Chemist: 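Dumping the structure here so I can ask a few things about it.
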Amino acid sequence: MAIFSKLFHKLCYKIIILLAFLLTEIIILIRKLKSSSYTGPITTKKYLRFIEEKNPTICYSKKSSKLLKLKPPRHVECTLCLSEFMEGEKLRSLKCQHTFHRDCLDTWLKDYCATCPLCRLKVVSDDVVSQHRELRKQADSNGMVAITM
Ligand SMILES: [Zn+2]
Ligand SMILES: [Zn+2]
């Protein structure tokens with residue numbers, strides 16, 4: 001009987017060590033997950049807000065077109081849909097001073113590339129793009145067309 005209880009104690013001791021080891025591993029893993037810059041997938045709405053913050057929408061008018069620092073040759077047309085800017089249309093001008101219709105550019109940025117269609121200047125940072133893509137992938141696999149949260 002004494003041998004049996006000794007064995008039992010030894011076993012308990014080993015199990016406790018194993019559990020403590022597992023616990024520390026789990027804590028390390030949780031800390032790693034929390035400390036990484038991962039903030040969850042970015043919805044299309046958030047993604048567009050992000051673009052808007054950096055490149056605010058402007059309203060086109062013949063007068064204001066002089067204020068737009070359009071790169072030579074002074075594009076007065078959207079190179080995405082190849083139509084001329086009309087009075088009162090919503091435009092978006094990027095840091096590279098390339099200007100497009102807001103809707104044309106937003107579609108381009110969210111569906112194709114997160115770069116300027118003309119000069120490939122990065123418009124949105126890589127982690128924002130990858131987090132947005134991740135959500136779109138999930139949405140696609142769920143058979144959803146768009147997420148407007
Ligand atoms: Zn356009
Ligand atoms: Zn550009």
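Remember, it's a predicted structure, so these values are computed and weren't measured experimentally. Residue numbers count from 1 along this sequence. When a ligand or atom number is given, it counts from 1 through the structure's own listing order.
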Chemist: For Glu87, does the CD atom have more than 12 heavy-atom neighbours from other residues, nucleotides or ligands under 6.0 Å away?
Modeler: yes
Chemist: About how large, to 10 degrees, is the angle SG of Cys78, then the Zn ion (ligand 1), then SG of Cys81?
Modeler: 110°
Chemist: Same cluster or not: Leu121 versus Val124, using hydrophobic residues (I, L, V, M, F, W, Y) connected whenever any side-chain heavy atoms lie under 4.5 Å apart?
Modeler: no
Chemist: Give the name of the N/O/S atom in His98 that lies closest to the Zn ion (ligand 2).
Modeler: ND1
Chemist: So which of Arg92, Lys90, His101 actually passes side chain to side chain donor-acceptor pair (under 3.5 Å) with Asp106?
Modeler: Arg92
Chemist: Would you give the angle at the Zn ion (ligand 1) between Cys104 atom SG and His101 atom ND1, to the nearest 10°?
Modeler: 110°
Chemist: Please answer: with hydrophobic residues joined when any side-chain heavy atoms are less than 4.5 Å apart, are Tyr112 and Leu48 in the same cluster?
Modeler: yes
